[in-house]
Amino acid sequence: MTKFGELISVQKPVLIDFYFDWDEVDNGVETLRDVAAALGDRAKVIKIDIKKNEPLAEALRVKGNPTFMIYKDGEMKWRQTGEQDANTLIGLVQQYL
């Protein structure tokens, strides 16, 4: 939890993908790579495995897979459960640059 607080307490937007891979195949990696490439160092893009970080997922009430969140200055700005395409995520993060 302390590390999470440090991750989100930055001035640039932080896009977080809470995920759990049921079939051991991570389908969201390419999408997040595209988002990270488009935003460069203007934002952070982070994936967090729900099963490996259960206390955090429970504290944030993450129930769906995947759940995306955008934080800026330690405050949650946006949250959505369900698949999102790269262009949608890029546009959302750009609102907080």
Side-chain angles (χ1 to χ4, degrees):
M1 293 291 256
T2 303
K3 288 182 182 181
F4 183 74
E6 292 171 11
L7 284 174
I8 64 171
S9 295
V10 294
Q11 291 182 339
K12 58 176 113 180
V14 180
L15 171 66
I16 302 171
D17 172 9
F18 284 93
Y19 73 100
F20 176 72
D21 292 324
W22 297 101
D23 57 5
E24 300 301 321
V25 176
D26 186 1
N27 297 322
V29 161
E30 287 183 34
T31 299
L32 289 183
R33 281 187 190 141
D34 292 345
V35 172
L39 296 169
D41 64 356
R42 298 178 297 157
K44 285 184 175 184
V45 179
I46 300 168
K47 286 182 70 71
I48 297 177
D49 186 318
I50 294 168
K51 287 297 179 190
K52 292 179 181 174
N53 297 279
E54 285 187 49
L56 176 61
E58 287 176 16
L60 295 172
R61 296 187 182 113
V62 174
K63 303 291 183 202
N65 177 34
T67 296
F68 294 94
M69 297 179 193
I70 297 174
Y71 282 86
K72 185 170 182 180
D73 296 322
E75 181 182 336
M76 186 188 302
K77 300 293 186 178
W78 175 84
R79 176 183 178 138
Q80 181 72 43
T81 299
E83 295 294 329
Q84 302 289 323
D85 64 72
N87 289 332
T88 299
L89 292 171
I90 292 164
L92 287 163
V93 173
Q94 285 177 332
Q95 294 177 33
Y96 301 104
L97 292 176

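Note that the structure is predicted; figures quoted are calculated from it, not measured. Scope of the values below: all heavy atoms of this structure, side chains included, with no hydrogens, waters or symmetry mates.
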What I'd like to find out is whether the side chain of [X] reaches to under 4.5 Å of the side chain of [Y], using heavy atoms alone.
{"X": "L89", "Y": "D17", "value": "no"}
{"X": "E83", "Y": "T31", "value": "no"}
{"X": "R42", "Y": "V93", "value": "no"}
{"X": "I8", "Y": "M76", "value": "no"}
{"X": "Y19", "Y": "I50", "value": "no"}
{"X": "N53", "Y": "F18", "value": "no"}

Are [Y] and [X] connected into the same hydrophobic cluster when the rule is that any two of I, L, V, M, F, W, Y join if their side-chain heavy atoms are below 4.5 Å apart?
{"X": "L56", "Y": "V45", "answer": "no"}
{"X": "I46", "Y": "I70", "answer": "no"}
{"X": "Y71", "Y": "L7", "answer": "yes"}
{"X": "F4", "Y": "V10", "answer": "yes"}
{"X": "L32", "Y": "I48", "answer": "no"}

So, using side chain to side chain donor-acceptor pair (under 3.5 Å) as the criterion, who are the partners of T81 when residues are at least two apart?
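By the side chain to side chain donor-acceptor pair (under 3.5 Å) rule, T81 matches T67.
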Taking every non-hydrogen atom, the tightest pair across L60 and M69: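 For L60 and M69, the tightest heavy-atom pair comes out as CB-CE, 4.0 Å.
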Checklist entry - What closest approach, in Å, do I90 and A38 show between heavy atoms, and which atom pair accounts for it? => result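 Where I90 meets A38 most closely, the heavy atoms are CD1-CB, 3.5 Å.
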Can you tell me how far [atom2] of [Y] sits from [atom1] of [X], rounded to the nearest 0.5 angstrom?
{"X": "L92", "Y": "Q84", "atom1": "CG", "atom2": "CD", "value": "7.0 Å"}
{"X": "K72", "Y": "Y96", "atom1": "NZ", "atom2": "OH", "value": "10.0 Å"}
{"X": "D73", "Y": "Q11", "atom1": "CG", "atom2": "CD", "value": "6.0 Å"}

Parallel, tilted or perpendicular: ring planes of F68 versus W78, cut at 30 and 60 degrees: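 Correct class here is tilted.
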Checklist entry - When you look at Q94 and L39, which way does the side-chain contact (heavy atoms from CB on, under 4.5 Å) test go after all the steps? => result CA-CA 8 Å; Q94 285 177 332; L39 296 169; 3.9 Å; yes
